There are 2 protein chains.
Amino acid sequence: MAASIIDVARRAEVSTATVSRALRGLPNVSEATRERVLRAAEELSYSVSPQASSLASGRTGMVGVVLPFVNRWFYSQVVAGIDTVLRANDLDILLYNLGDERVHQRFFARMPLRRRVDALIVLNLPLSSGESEALASLEVPIAVLGTHVPGCWHVSIDNAEGASTAVRHLINLGHRRIGMITGALGDPRGFTTPIVRQHAYRTVLAQAGIPYDPDLEAPGHLGIEEGASAMARLLSLPDPPTAVFAETDQMAFGALRTLSRMGLRAPEDVSVIGFDNHETAELLNLTTIGQPVAHQGELLAQQILDALSGASEEPTRVVVPTSLIVRGTTGACTRSTPPT
Amino acid sequence: MAASIIDVARRAEVSTATVSRALRGLPNVSEATRERVLRAAEELSYSVSPQASSLASGRTGMVGVVLPFVNRWFYSQVVAGIDTVLRANDLDILLYNLGDERVHQRFFARMPLRRRVDALIVLNLPLSSGESEALASLEVPIAVLGTHVPGCWHVSIDNAEGASTAVRHLINLGHRRIGMITGALGDPRGFTTPIVRQHAYRTVLAQAGIPYDPDLEAPGHLGIEEGASAMARLLSLPDPPTAVFAETDQMAFGALRTLSRMGLRAPEDVSVIGFDNHETAELLNLTTIGQPVAHQGELLAQQILDALSGASEEPTRVVVPTSLIVRGTTGACTRSTPPT
DNA sequence: TTGTATGCGTTATCAG
DNA sequence: CTGATAACGCATACAA
């Protein structure tokens with residue numbers, strides 16, 4: 001049996017209260033007794049029971065991290081960022097991977113982290129209002145990545161800005177016939193990012209006086225395969241685009257694969273730009289919109305720390321900048337546009 | 001304040017013991033009272049306090065997952081596999097990312113999951129004997145991926161077999177001058193996988209009667225960049241290899257990049273084979289040795305369930321098969337070998 | 001089948 | 001600065 005606080009108290013010849021204080025570094029303990037307690041604890045290789053401690057103090061020392069896909073590059077990167085900061089403050093991560101729709105349902109039905117965590121970090125999950133309320137009912141600070149939820153701390157990138165930059169980059173290169181490979185627009189859970197990026201695409205084209213052509217929007221549903229087939233569809237148009245903006249790098253990868261399989265090259269035949277700066281983007285020399293991924297995780301964790309320490313009363317919102325990363329898949333338009 | 005078991009007991013007009021039994025589905029409760037209890041709990045939106053429950057029962061409902069890098073494809077994939085199985089059994093994942101050496105040290109110094117978890121899953125972490133003992137002292141079932149630890153459950157692939165298959169594939173294609181890009185051999189923590197794969201490479205060459213040439217072994221230290229420079233070194237040899245086995249797909253990616261930047265092609269100029277079947281391997285058409293990644297996570301989780309349920313007394317070991325996945329980067333040797 | 005009573009290991013509130 | 005003691009919320013052995 002592991003030693004308990006009582007054993008330590010006996011050995012140090014003090015009360016359990018004093019042991020508790022000494023071990024937690026509270027101020028009102030004389031150096032002499034603190035020494036004695038620490039030694040006794042050491043000798044018994046004592047460690048506090050988190051459960052008992054939580055039960056008595058109300059704090060759990062754990063932060064729940066809820067996300068849709070642990071196994072995707074973006075999310076695993078964010079988790080790593082969160083971990084860095086939380087670990088340094090002795091907070092543990094309780095992971096909830098809600099990729100599967102049924103798991104998602106079950107999660108909100110049973111609320112397994114009720115009373116389990118001191119705070120919550122939610123990554124890019126579209127939440128119904130009922131679900132938001134359910135989370136709020138946990139009465140712990142919540143930091144959200146992506147979607148904004150009232151009363152929550154918030155970190156995100158400016159998707160409209162990033163997407164606009166991407167499309168403008170293509171326009172600046174002389175392209176006028178610009179396609180977009182969109183993704184996850186039809187997902188029943190209603191992720192908002194795809195919508196925002198698509199809207200920016202349309203807006204920038206309109207601002208540039210380029211007429212809207214629905215054929216140039218190829219829905220892809222995320223994923224490499226989907227990006228590939230979307231690109232194939234664009235290329236089969238009577239008047240195919242000279243440049244393509246893919247909503248995510250993943251889809252851009254698929255687009256590039258289609259190009260190379262058809263014997264076409266980027267940017268000579270078609271310029272391609274993605275979004276995310278996925279780790280593979282550099283490998284494939286893909287021009288893209290970069291966002292600091294792990295850093296967003298660190299920011300979320302920092303917000304949690306602020307909330308927990310009471311350093312900041314009001315939840316803050318921080319928008320991190322994206323940046324255009326020009327690599328080899330975008331170039332000047334060489335084909336002329338058709339007559340309007 | 002959240003409702004406690006006492007509130008439920010009062011409302012259902014039974015004792016707290018009965019509430020506890022009814023809620024956990026224990027057999028010796030009449031249907032009528034169970035109904036009443038469930039209803040009362042529902043009306044009060046009651047949920048048990050995990051801390052109190054743990055304290056009283058000794059079980060925590062959590063499994064610790066300790067790994068070196070959450071943000072790498074391989075590990076995030078394994079975690080997803082683990083999550084699938086554990087989640088289905090209402091076990092939570094407590095994540096410990098020990099990538100940083102200092103974090104690693106601190107982890108073993110403080111053993112933060114002592115009393116926190118019912119079981120432990122360790123992914124590919126090379127452990128000193130002291131560290132193994134420290135984990136064993138937690139007195140919970142442990143499942144280990146990769147390295148074998150006495151007394152622990154165990155899942156792994158046959159690295160020697162896989163690497164041998166890779167090298168034999170090249171030999172069968174007529175290659176005799178075969179290089180290897182090795183990785184992480186010098187890591188102070190002493191991962192064993194690199195050593196095993198390298199050993200297999202040497203053994204197979206010897207068996208084929210191909211003389212050993214140390215120049216053909218290019219240390220790369222994992223990572224795309226390292227793979228790229230390792231390949232550059234191999235190509236700069238007076239008598240460069242006609243085929244290269246990269247210890248991991250990541251390093252193979254770097255090798256491919258070097259080739260394409262130098263205007264060379266795979267397999268026409270140099271055949272390249274990797275190991276892992278990383279998600280990007282298909283995209284780059286890389287021939288590789290595939291291993292079921294998420295599945296290994298599921299197996300680990302299943303072992304933990306077996307251990308926890310007492311279904312199996314003795315820890316089991318399972319070795320999952322690898323498979324040669326032939327894609328486009330390996331082909332018949334066209335260049336003749338030099339005179340021995 | 002149900003209730004009673006005790007223990008689980010701390011923290012925190014008082015009093016000293 | 002230190003000690004006694006009441007929570008904390010539940011599980012379980014035992015009794016009924």
Side-chain angles (χ1 to χ4, degrees), chain A residues 1-38 40-41 44-62 90 111-118 138-139, chain B residues 1-38 40-41 44-62 90 111-118 138-139:
Chain A
M1 241 21 266
S4 87
I5 198 173
I6 299 181
D7 303 318
V8 178
R10 249 198 294 271
R11 183 166 194 119
E13 295 179 300
V14 294
S15 71
T16 61
T18 301
V19 172
S20 179
R21 285 188 285 249
L23 256 33
R24 283 181 299 152
L26 295 192
N28 41 0
V29 174
S30 79
E31 264 318 304
T33 57
R34 187 189 302 279
E35 282 295 326
R36 221 147 21 94
V37 170
L38 288 177
L44 296 172
S45 67
Y46 166 78
S47 70
V48 313
S49 156
Q51 287 80 24
S53 177
S54 295
L55 193 55
S57 71
R59 282 170 252 109
T60 68
M62 301 195 281
D90 288 323
M111 278 287 138
L113 38 64
R114 181 185 301 284
R115 317 209 216 191
R116 285 226 128 151
V117 295
D118 292 338
L138 296 179
E139 296 179 331
Chain B
M1 239 18 267
S4 86
I5 197 172
I6 299 181
D7 303 317
V8 179
R10 248 199 295 271
R11 184 166 194 119
E13 296 180 299
V14 294
S15 70
T16 61
T18 300
V19 172
S20 178
R21 286 186 285 248
L23 256 33
R24 283 180 300 149
L26 295 191
N28 41 1
V29 174
S30 79
E31 264 319 305
T33 57
R34 187 190 302 281
E35 281 297 327
R36 227 157 4 107
V37 170
L38 287 177
L44 295 172
S45 67
Y46 166 77
S47 69
V48 313
S49 156
Q51 287 79 22
S53 177
S54 296
L55 195 54
S57 71
R59 279 170 256 109
T60 67
M62 301 197 282
D90 288 323
M111 278 288 135
L113 39 64
R114 182 185 300 285
R115 315 208 218 191
R116 286 225 126 153
V117 295
D118 291 339
L138 296 179
E139 298 179 330

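Here the structure is a predicted model, which is why all the values come from computation and not from measurement. Labels below follow one simple rule: chain letters A, B, ... track the order of the sequence lines, proteins then strands, and each chain is numbered from 1.
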Touch class at under 4.0 angstrom, heavy-atom based, for A:T33 against every strand present: sugar-phosphate
Touch class at under 4.0 angstrom, heavy-atom based, for B:V19 against every strand present: nothing
Below 4.0 Å: OP1/OP2 of D:dC1 and any side-chain N or O of A:R36: no
Contact under 4.0 Å: A:S49 side-chain N or O vs C:dT10 OP1/OP2: no
Enumerate all atom pairs, one protein N or O and one N or O from nucleotides 12-16 of chain D, separated by less than 3.5 Å.
{"from": "D:dT12", "atom 1": "OP1", "to": "B:R59", "atom 2": "NH2", "distance (Å)": "3.2"}
{"from": "D:dT12", "atom 1": "OP2", "to": "B:R24", "atom 2": "NH1", "distance (Å)": "2.8"}
{"from": "D:dT12", "atom 1": "OP2", "to": "B:R24", "atom 2": "NH2", "distance (Å)": "3.4"}

Length of the line joining [X]:[atom1] and [N]:[atom2], which is rounded to integer Å:
| X | N | atom1 | atom2 | value |
| --- | --- | --- | --- | --- |
| A:L23 | C:dT11 | CG | C1' | 13 Å |
| A:N28 | C:dA15 | CG | P | 17 Å |
| B:R34 | C:dT2 | CZ | P | 9 Å |
| A:L55 | C:dA12 | CG | C1' | 13 Å |
| A:Q51 | C:dT11 | CD | P | 12 Å |
| B:R10 | C:dT2 | CZ | P | 20 Å |
| A:I6 | D:dG3 | CD1 | P | 14 Å |
| B:D7 | D:dC8 | CG | C1' | 13 Å |

Test log, rule side chain to side chain contact (heavy atoms under 4.5 Å, CB included), inputs B:V48 and B:I5: CA-CA 7 Å; B:V48 313; B:I5 197 172; over 6 Å; no
Quick one: does any side-chain atom of [X] pair with a main-chain N or O of [Y] as donor and acceptor, under 3.5 Å?
| X | Y | result |
| --- | --- | --- |
| A:T60 | A:R116 | yes |
| A:Q51 | B:R115 | yes |
| A:R34 | A:L26 | yes |

Of the listed nucleotides C:dG3, D:dT2, D:dC10, the one nearest the side chain of B:V48: D:dC10
A:S4 side-chain proximity, nearest of C:dT10, C:dT2, D:dG3: C:dT10
Between CG on residue A:D118 and CG on residue A:L113, distance to nearest 0.5 Å: 11.5 Å
Minimum heavy-atom distance B:A41-B:V8, with the two atoms named: N-CG1, 4.0 Å
Nearest atoms (heavy-atom pairs only) where B:V29 meets B:A22: CG2-N, 4.0 Å
Of A:I5 and B:E31, the one whose closest DNA chain C nucleotide lies more 5': B:E31
